[in-house]
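What follows is a set of notes on a single structure, which appears directly below.
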Amino acid sequence: MTSDIQERALHVLETVFGYPAFRGQQADIVEHVASGGDALVLMPTGGGKSLCYQIPALLRDGVGVVVSPLIALMQDQVDALAEVGVRAAFLNSTQTFEETLRIERMVRTGELDLVYVAPERLMTQRCLDLFEDSHISLFAIDEAHCVSQWGHDFRPEYIRLSILHERFPQVPRIALTATADQVTRAEIAQRLQLEEARQFVSSFDRPNIRYAIVEKTNGRKQLIDFISTEHAGDCGIVYCLSRKKVEETAQFLNENGIRALPYHAGMDYAVRAANQAQFLREENIVMVATIAFGMGIDKPDVRFVCHLDLPKSLEGYYQETGRAGRDGMPSNAWMAYGLQDVVLQRRMIDESDADENFKRVLSSKLDAMLGLCETLSCRRMRMLEYFGERSGPCGNCDTCLMPPTSFDATVPVQKLLSAIYRCDQRFAAGHIIDVLRGVESERITQWHHDKLSVYGVGADRGEQEWRAIVRQVIALGLVTVDHDAYSSLKLTEAARAVLKSERKVELRQYQKPVKQKRAAPTRGYAEMDLSSTEQAIFEKLRWWRMETARAHNVAAFIIFGDATLREICKAKPTSLDELRGVSGVGAKKLASYGDEIVAIIAEMV
């Protein structure tokens, strides 16, 4: 940084936001944008993206405009800024005409530091005219991956945001996302006319998240076991593919003593918004949702994210799991995955109305997702490699902690491929497995499949083991699933080499599911355990935070995050001066809450 901007930026960071130093590339980004430069920023969730535009907006003259895709989250973002003394507001469809006029007047007169707008609102002539009549310091385009048609969360209105470059050529623009492979990154730059912008690409690694993918046997029962064993009383998110499954899973969790709320696009808007607000503002709630939920979620204390269905892409998986552990504390990303997930995703691609080129892109993204599920190596390495980043084994995923064994599966795979062929490629996986295992059933007899040479040749393996083999063979592209009514298995051209013994096949050895034991603390994470006295202070501070948040009608984490409360517990400040040095305690929060916190510490110690 230049010395002047550096000093001013650090002053804002310390006095307004309460942090002693910038992290990673934040300092370079802030200096670049504050100096008037355009930027494309890729930074993992929890990496501090918002400071990269909030601080430049405070350093530059005028009002910073933040384009955000979800109006439901603008209130919390504005509340959080108000708590630290930043003048912020939003413009969206939830406001009355009088409120809109008031905010527009504040933008024109420069009474705000930041204003949040949805892309749909920004593109109206009224809004564009407002910004042309005002002094704008910068434009920040959050969740910039929404511009990509190949991305997992495409929003058509984002494509039109190139108008910002055309109508406001002198105003710096910063586009930010946590998720973009190299193709998506290039598309963001091209569509937003940021080809000349400086790119800041941080590591995609989230070392505090432990990744685990388990064989799906009874998904909901496995989910209950996981939450009860690993995260009793914690806040988390469970993703399901369908709206019906969301409703049923939420009900199942509640019936088993876990507070859960449903969220999907088919719900009444008011109910959906109320559930989201409750999740954001209360503790110990599990949100069960489709992927309609989550973009821009700022809740830092989500301790786990679970998937009961296979995501469509690694981008989607990374984005969704990244909602865990935004505060940097140990968290889990857990998925139950089975053969039916593969069959369903393949069918969805085949039956989509997309053109063949788009289907090929979807298939390649699904292949990458399947590759992560079936990998014999470190899952984190595999995922980071997809985003163009090299790393060594992480020591904090299931394949590192309990390395899977592989085996030469050429012969069993040949048996499977032969059975599919001899059954005329007209039957689903369940029937083929029954033939291989020599199961006696009316259906097999009806088709005379008990007379086939392959009948019973796989009796040495159980049904679940065969299902694991089928799943991996589909993932390898040796077999496809027809999108007919029967989900028939069909051989691909690649199967020929295996049947002729010209290609060896190595697969993961099937492991019977075992009762989960509580995991050890995340490796490589700074020790955050509290003494008994500190734990008592922590619980007292959490209670105080909850009551304070209710009085202010904001989410608890907006008052202080868990990480800051833990720092307070360890520091045990007996004066405002001592509290001032705690990370996350800025000048406004010190003035608002300092006396109360010091009094609680004095009482407890």
Query - Worked check of ring pair (Phe, Tyr, Trp, His ring centres under 6.0 Å) between Phe427 and Trp447 - result: CA-CA 11 Å; Phe427 293 85; Trp447 289 96; 5.2 Å; yes

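- At most 12 heavy atoms of other shown residues, nucleotides or ligands fall within 6.0 angstrom of atom CD in Glu442.
- Here ring-ring contact (aromatic ring centres under 6.0 Å, His included) pairs that include residues 173-196, with residues two or more places apart or in two chains, number zero.
- Each of Thr399, Asn396, Asp398 was compared with Arg379 under the side chain to side chain donor-acceptor pair (under 3.5 Å) criterion, and only Asp398 meets it.
- A salt bridge links Glu493 with Arg496; the closest basic N to acidic carboxylate O contact falls under 4.0 Å.
- With a 6.0 Å radius and a threshold of 12 heavy atoms from other residues, nucleotides or ligands, Arg422 has its CZ atom at or below the threshold.
- Side-chain atoms of Ser331 come within 3.5 Å of backbone atoms of Gly325 as a donor-acceptor pair (strictly under, hydrogens ignored).
- No side-chain N or O of Asp205 forms a donor-acceptor pair with one of Ser203 less than 3.5 Å apart.
- Checking Tyr386 against Glu315 by side-chain atom types alone, a donor-acceptor pair falls below 3.5 Å.
- Under 4.0 Å is where a charged nitrogen must lie from a carboxylate oxygen, and between Arg281 and Asp76 at least one such pair does.
- When the options Lys299, Met287, Arg303 are evaluated for a side-chain contact (heavy atoms from CB on, under 4.5 Å) with Cys235, the one that passes is Lys299.
- By the 30° and 60° cut-offs, the orientation of the rings of Tyr53 relative to Tyr116 is perpendicular.
- Defined by atom type and a distance below 3.5 Å, a donor-acceptor pair is missing between the side-chain atoms of Glu247 and Gln251.
- Here Arg346 pairs with Asp367 in a salt bridge; the nearest charged N to carboxylate O distance falls below 4.0 Å.
- Within a 6.0 Å radius of CD in Glu196, other residues, nucleotides and ligands contribute 12 heavy atoms or fewer.
- Within a 6.0 Å radius of NZ in Lys244, other residues, nucleotides and ligands contribute 12 heavy atoms or fewer.
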Query raised in the report: When you look at Gln414 and Ser501, which way does the side-chain hydrogen bond (donor to acceptor under 3.5 Å, both in side chains) test go after all the steps?
Result: CA-CA 8 Å; Gln414 286 174 330; Ser501 298; 2.9 Å; yes

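- Open room surrounds OH on Tyr421; 12 or fewer heavy atoms of other groups in view lie less than 6.0 Å from it.
- Side chain of Trp334 to backbone of His307: no donor-acceptor contact under 3.5 angstrom is found.
- Listed by first and then second residue, the salt bridge (charged side-chain N to carboxylate O under 4.0 Å, His left out) pairs that reach into residues 258-276 are Arg259-Glu282, sequence neighbours excluded.
- With a 6.0 Å radius and a threshold of 12 heavy atoms from other residues, nucleotides or ligands, Arg167 has its CZ atom above the threshold.
- Of the possible polar contacts, none joining the Ser228 side chain to the Asp225 backbone as a donor-acceptor pair under 3.5 Å is found.
- Between Glu215 and Arg471 there is a salt bridge, with a side-chain nitrogen of the basic residue lying less than 4.0 Å from a carboxylate oxygen of the acidic one.
- No hydrogens or angles considered: a donor-acceptor pair under 3.5 Å links the side chains of Gln319 and Glu143.
- Aromatic ring orientation, Phe293 versus Phe279: perpendicular (interplanar angle above 60°, classes split at 30° and 60°).
- Within the 3.5 Å criterion, the main-chain N or O of Phe304 finds no donor-acceptor partner in the side chain of Glu230.
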